[in-house]
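Shown next, in structure tokens, is the structure this report addresses.
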Amino acid sequence: MSKGEVVLLDCWASPFCLKAKIALAEKGVEYEARAENLFGGKSDLLLKSNPIYKKVPVLLHDGKPLCESTIIVNYIDETWPSPPLLPSCASERAKARFWSDFIDKKVFDAVCNIWKSKGEVPETAKNEFIEILKQLEGALGEKDFFGGDSFGFVDVIAIPLTCWFYAVEKFGGFKVENECPKFSAWMNKCMQRETVARILPDPEKVYEFVIMLRNIFGIEL
């Protein structure tokens with residue numbers, strides 16, 4: 001690996017890998033994405049680079065591996081400081097990290113609780129997911145983005161998860177736009193950014209991927 005080379009060990013549908021891709025795109029950093037076959041044998045490079053969790057994403061910069069998606073986004077923001085993703089104010093940075101941590105701990109688990117359901121999705125799973133989005137609507141307030149007028153750190157952490165929402169809607173029988181219109185409007189604003197629109201996969205293809213996962217895990221409709 002040449003000096004300064006940036007490589008991302010990747011899975012196209014992973015919202016965690018998409019975080020890193022969007023952060024790199026926002027910084028204008030060139031990188032090589034190397035797809036990992038997570039179901040047919042992980043590469044030696046992945047197992048060597050992330051021996052604890054053995055999962056993507058892994059960012060390799062100058063051959064040095066970095067693991068865990070939000071840590072990777074933090075590293076990208078510090079290593080390529082312009083334009084900044086985190087606010088300059090310490091209290092606002094702390095707030096951004098709080099909501100990023102909330103998103104990491106809550107949203108994808110709530111997504112999985114819906115698509116992993118056997119038969120009809122329980123109302124409790126749907127209500128939990130919607131309540132989490134409503135809490136995020138509260139954090140948004142009347143702002144365009146979580147940090148204010150500019151697309152920033154929390155937006156990078158949150159927007160990749162939304163490409164799985166179509167699958168959630170299909171299995172759950174509801175529409176995010178109807179339940180959480182403010183969050184839906186934020187999604188649309190983010191999708192107007194070139195760095196987001198060109199990186200996020202087609203939600204219908206993610207839905208097909210989720211159906212494949214259900215088959216792998218033996219989950220019947």
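Both backbone and side-chain heavy atoms feed into the values below; hydrogens, waters and symmetry mates do not.
Asn178 CG: more than 12 foreign heavy atoms inside a 6.0 Å radius. With a 6.0 Å radius and a threshold of 12 heavy atoms from other residues, nucleotides or ligands, Asn37 has its CG atom above the threshold. Dense packing is recorded around CD1 of Ile216, with more than 12 heavy atoms of other residues, nucleotides or ligands lying under 6.0 Å away. Counting heavy atoms of neighbouring residues, nucleotides and ligands inside a 6.0 Å radius, atom NZ of Lys189 exceeds 12 of them. In this structure, Glu194 places its CD atom where more than 12 heavy-atom neighbours from other residues, nucleotides or ligands lie under 6.0 Å away. Heavy-atom neighbours of Phe217 CZ from other residues, nucleotides or ligands within 6.0 Å: above the threshold of 12. More than 12 non-hydrogen atoms from other residues, nucleotides or ligands lie less than 6.0 angstrom from NZ of Lys182.
Using modelled atom types and a 3.5 Å distance limit, the side chains of Trp186 and Asp144 yield no donor-acceptor pair. Under the 3.5 Å distance criterion, with hydrogens and angles disregarded, no donor-acceptor pair is assigned to the side chains of His61 and Tyr31.
Under a 4.0 Å N-O distance rule, the pair Arg193/Glu26 qualifies as a salt bridge. Glu131 has no carboxylate O lying under 4.0 Å from a charged side-chain N of Lys134, or vice versa, which leaves the two without a salt bridge. Ion pairing between a basic and an acidic side chain is recognised when a charged N comes within 4.0 Å of a carboxylate O; Lys205 and Glu208 show no such pairing. Here Lys105 does not pair with Asp109 in a salt bridge; the nearest charged N to carboxylate O distance is not below 4.0 Å. Of the charged side-chain nitrogens involved, at least one lies within less than 4.0 Å of a carboxylate oxygen, so that Glu32 and Arg34 count as a salt-bridged pair.
For the atom pair Glu36 CD and Ser14 OG, the distance stands at 11.5 Å (nearest 0.5 Å). Once rounded to the nearest 0.5 Å, the distance linking CG of Asp104 with OG1 of Thr70 reads 3.5 Å. Thr195 OG1 to Lys27 NZ: the interatomic distance, rounded to the nearest 0.5 Å, is 12.0 Å. The line from OG of Ser69 to NZ of Lys21 is 13.0 Å long, rounded to the nearest 0.5 Å. To the nearest 0.5 Å, atom NZ of residue Lys19 and atom CG of residue Leu24 are 13.5 Å apart.
Side-chain contact between Phe165 and Pro203 is absent, with no heavy atoms from C-beta onward closer than 4.5 Å. Side-chain atoms of Ile103 and Leu136, non-hydrogen and from C-beta on, do get closer than 4.5 Å to each other. Residues Leu213 and Trp115 are in side-chain contact: their nearest non-hydrogen atoms beyond the backbone lie under 4.5 Å apart. Side-chain contact between Val7 and Leu59: absent, with no pair of heavy atoms (C-beta onward) separated by less than 4.5 Å. The closest side-chain heavy-atom distance from Val58 to Leu8 is not below 4.5 Å. A heavy-atom distance below 4.5 Å is not found between the side chains of Pro84 and Leu86. Within the 4.5 Å cutoff, the side chain of Leu140 has heavy atoms near those of the Phe146 side chain.
Scanning all heavy atoms of the two residues, the minimum distance from Pro160 to Asp155 falls at CD-O, 4.3 Å. Ala25 and Arg198 get closest at one heavy-atom pair: CB-NH2, 3.6 Å. In terms of heavy-atom proximity, Cys190 sits nearest to Val196 at O-CB, 3.3 Å. Pairing each heavy atom of Lys55 with each of Leu46, the nearest pair is O-CD1, 3.6 Å. Nearest heavy atom pair, residue Ser49 against residue Leu60, reads OG-CD2, 3.8 Å. Taking each heavy atom of Glu177 and Glu169 in turn, the nearest pair found is N-OE2, 4.4 Å.
In this structure, Phe145 and Phe151 have perpendicular ring planes: the angle between them is above 60°, well past the 30° mark. Classified by interplanar angle (parallel below 30°, tilted 30° to 60°, perpendicular above 60°), the ring pair Phe129/Phe174 is tilted.
With sequence neighbours left out, the side-chain hydrogen bond (donor to acceptor under 3.5 Å, both in side chains) criterion links Tyr207 to no other residue. Take Thr162 and apply the side-chain hydrogen bond (donor to acceptor under 3.5 Å, both in side chains) test, not counting sequence neighbours, and it matches no residue.
Under the 6.0 Å cut-off for aromatic ring centres, Phe209 and Trp12 qualify, their centroids lying closer than that.
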Problem set entry | Candidate pair Trp99 and Phe153, rule ring pair (Phe, Tyr, Trp, His ring centres under 6.0 Å), full reasoning | CA-CA 10 Å; Trp99 284 110; Phe153 193 88; over 10 Å; no
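For the pair Arg214 and Phe171, the cation-pi criterion (under 6.0 Å, within 45° of the ring axis) is fulfilled.
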